[in-house]
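The structure under discussion appears below in the form of structure tokens.
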Amino acid sequence: MHAWFALAAKDIRLLLRNRGALFFTVGWPLLVAIFFGLIFGGGSGSSRPKIALVVQEQHAATERFAQSVLKLETLEVERVDAATAEQLVRQGKRSAAIVLPEGFGERSARTFSGDPPQIELWLDPSRKAERAMIEGMLMKLGGEAMFASISDPEARRRWLAASRADLDRVDPASRQQFSDFYDALDAMMATPQASAPAAEGAIAGGPAFTPLAVSSREITVAKRGPSNGFAISFTQGMFWALMGALMSFVTSLVLERMQGTWNRLRSAPLTAGAILFGKALACFVVMLASLSLMSLVGALMFGVVPHSLPKLLLAFVAAAAAFTGLMMLLASLGRTVQSASGAAWAVMMPLAMIGGAMIPLFVMPPWMLQLSNLSPVKWAVLGIEGAIWRGFSFAEMATPVAILLATGVLCGGLGAWRITRQPA
Amino acid sequence: MIRIDSVHKQFGSTVALDGLSLDVRPGEIFGLLGPNGAGKSTTMALLTGLQAPDAGSVSVLGGDPRDASLRARIGLAPQSLALYEHLSGRENLEFFARMFGLRGERLKQRVDAVLDVVQLSDRQRDHAGGYSGGMQRRLNLAAAIVHDPELVLLDEPTAGVDPQSRNALFENVLALKAGGRTIVYTTHYMEEVERLCDRVAIVDRGRVLAVDTVAGLLRSHGGTPVLVVERDGSSERIETVDPLAELNRIAAAGPIAAFHVERPRLEQVFLHLTGRSLRD
């Protein structure tokens, strides 16, 4: 076990010190992704999630809240009617719709009594990440709206009057505490030193309340498509990241044999299988790291946000396993760097062409799609796209993941078998 | 220590070893002398378990070298520089030491010790790719002995090395012998064998032609020394087993302008045994 990690650490260290190999494993795939993303029209001008806003009543507080939502810098919000919003979400053209229903404004005036103001969130059930982000932003806006209502003397007067009128609806055990709190708040906010922390402190330890209640309505996206051109180009860039690592490790494995380090390692108390496993482990880790880096850059800078992180990780693991196995097999095809890398390009390029790494799968004619089933590149692309923008369920992910893992095991096993049988 | 008995090894149609037999004793430097393609490296591959014989038997340290636990007691310096150029000298040694199971303080002590032996302590942080040829050869040797093996196999350890580095390597090899290690040393340089080896096997076309000490080989196969005498403007060559007595006899008969003795070398031994020069 220790030897595996020592072997893998050695190979990763060697890769990090080889600027050329490092560039083709990390830098080149990013350049490909960005360049072709721009060509595909990926630069839509915004990487912010697109959200629809529906306002279902005429009320000053509701309108104020709607305006604050429209001003959010982290979301691209467009105000539309309910039917349009539902259609946009269903078509996948908007990540979600925020709905301010009737009664929202009235409830905003009664923060500590009755039900909090309700907001509906319409979105696809798979969009858990967006849901958490939007809910957090709405809660923040709700808190700010409440504070604004008690900071303005006239608004505060109306808010306190409404709250005092509702005292009989408050839990009897807390009724006196709320009454005292309203009196203290009124007196305190009238002073020039009034500040937000004082208002928050006044309710600390009291009954829990929430400035908003967010309920969700699930709208399943009928047909998904890539959110922008970068969603396509980054998947293709990820293929090049896998390819860069594959070629680096094919070269590395052949060089071990050419330079004699393979014989030196074989003269150590290690099996050939252990040495090859250490090499495969390094290759797998580099591929996984490179894919993760691509995904991070895509998400942070180009709006390529995966619809499911666990599924993306699953796709990455399966793709890295398949390409690691291919690396082992291709390294067994040549005794020199030239012959092995030549064989690797000769095998991988056709697989990439029919596999969707050069021509996107969704624009392929049917016959080519059929042919692409033979290429592990297709299943890697499909698995990654499934997790990024195709919205695959785990059941849908099972096929590409199983094919990729089987490819990794079969190719890796065959490659290792061939290498261990070649003369020292 | 090592017993190779009637080993045959063939790669395709090429016969690498043709009934080769050897015995190496504990604590000696045993030389394998032969031209390129004689079977020296194949013999080394058998001794480290990298190859299995097609026929015959190989016993190293009392066991089969294909047994992984036994290989921990053997150190190999391959003919090619088996090093990672983008790792420093120290990182190379630490890595190979780990492959032989060394850990922690023991690993550090051994790496420090071998760096000192091969005089690379001051360059230990530099990438091996930046070393001179001689320094790389010394590092190649250090990687073979970092785990303190009982048996050290040196396959053409001075190939492409300048005279100064060659002398440093000779000192390292002699120090290993002084430390009780058994060494198998392959080369096609006769001077190295004459200087270092306790016993020598002359190998050609996969067979051992003769095994003995250098002196024994010269006696048995080197032929008679030649006394060359110059007098009266001419040179005379006289084969004699006792050049001093012959010189005295000639000097008594008249004045001698100059003389020298041509003693047999391993080159003559090889020529005698194979009918061709070692460098053919």
Side-chain angles (χ1 to χ4, degrees), chain A residues 1-25 248-249 251-283 286 335-337 419-424, chain B residues 9-12 14 16 41-42 44-52 60 65-88 91-92 94-104 107 127-129 136 140 143-144 146-147 149 151-153 155:
Chain A
M1 182 77 88
H2 186 277
W4 292 347
F5 290 123
L7 283 158
K10 176 265 295 177
D11 278 319
I12 292 170
R13 183 180 283 176
L14 287 172
L15 178 72
L16 293 175
R17 290 181 184 176
N18 185 338
R19 289 179 191 168
L22 195 60
F23 171 74
F24 282 106
T25 306
S248 295
F249 278 88
T251 304
S252 154
L253 190 43
V254 175
L255 274 177
E256 294 266 15
R257 283 148 62 200
M258 285 177 67
Q259 294 179 342
T261 45
W262 171 257
N263 278 354
R264 171 160 262 158
L265 290 172
R266 290 288 288 117
S267 74
L270 299 169
T271 63
I275 299 168
L276 291 174
F277 186 83
K279 183 72 72 179
L281 182 62
C283 181
V286 166
R335 300 298 303 272
T336 65
V337 172
I419 289 170
T420 53
R421 267 147 191 80
Q422 288 166 353
Chain B
K9 184 71 188 174
Q10 196 163 336
F11 298 104
T14 305
S41 293
T42 304
M44 289 300 214
L46 289 172
L47 295 177
T48 47
L50 294 172
Q51 298 283 352
V60 178
R66 284 170 290 174
D67 173 4
S69 62
L70 192 138
R71 290 206 299 272
R73 297 160 61 195
I74 304 171
L76 169 69
Q79 184 174 350
S80 56
L81 287 168
L83 301 167
Y84 297 104
E85 292 192 350
H86 289 288
L87 296 185
S88 71
E91 286 169 340
N92 267 288
E94 286 175 344
F95 171 70
F96 288 117
R98 282 195 188 93
M99 294 301 101
F100 279 87
L102 270 62
R103 306 275 184 279
L107 182 147
H127 283 190
Q136 288 181 335
N140 200 39
V146 69
H147 57 293
L151 172 64
V152 183
L153 307 174
D155 193 1

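Order of the sequence lines sets the chain letters (A, B, ...), proteins ahead of strands, with each chain counted from 1. All figures in this text were calculated on a predicted structure; none of them were measured in a lab.
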Given a strict heavy-atom distance threshold of 4.5 Å, which part of [X] is in contact with chain A: side chain, backbone, both, or neither?
X       : answer
L83(B)  : both
F100(B) : both
L76(B)  : both
H147(B) : neither

query: Given side chains that start at C-beta, do those of W262(A) and L50(B) come closer than 4.5 Å, heavy atoms only?
result: no

message: Within the 4.5 Å heavy-atom criterion, are L7(A) and M99(B) side-chain neighbours or not?
response: yes

- prompt: Given the options D67(B), T48(B), L87(B), which has more heavy-atom pairs under 4.5 Å with chain A than any of the others?
  reply: L87(B)

message: Looking at chain A, which one of A143(B), G49(B), G101(B) has the largest number of heavy-atom pairs inside 4.5 Å, strictly under?
response: A143(B)

statement: All heavy atoms of S80(B) vs all of G260(A), minimum pair found to be OG-CA, 3.6 Å

task: Return the set of residues passing side-chain hydrogen bond (donor to acceptor under 3.5 Å, both in side chains) with R73(B) (not counting sequence neighbours), or none when no residue passes.
output: E150(B)

Partner set under side-chain hydrogen bond (donor to acceptor under 3.5 Å, both in side chains) for R266(A), not counting sequence neighbours: none

- request: Calculate, to the nearest 0.5 Å, the distance between atoms CZ and CD belonging to R13(A) and E91(B) respectively.
  value: 4.5 Å

query: Hey, what do you get for OG1 (T271(A)) to CZ (R66(B)), rounding to the nearest 0.5 Å?
result: 15.5 Å

Partner of Y84(B) under side chain to side chain contact (heavy atoms under 4.5 Å, CB included), chosen from L255(A), T261(A), D11(A): T261(A)

Sub-3.5 Å donor-acceptor pair from the side chain of [X] to the main-chain atoms of [Y], do we have one?
X       : Y       : result
R264(A) : N140(B) : yes
R71(B)  : A268(A) : yes
R17(A)  : H86(B)  : yes

message: Quick check on R421(A): does its CZ atom have over 12 non-hydrogen neighbours (other residues, nucleotides or ligands) under 6.0 Å away?
response: yes

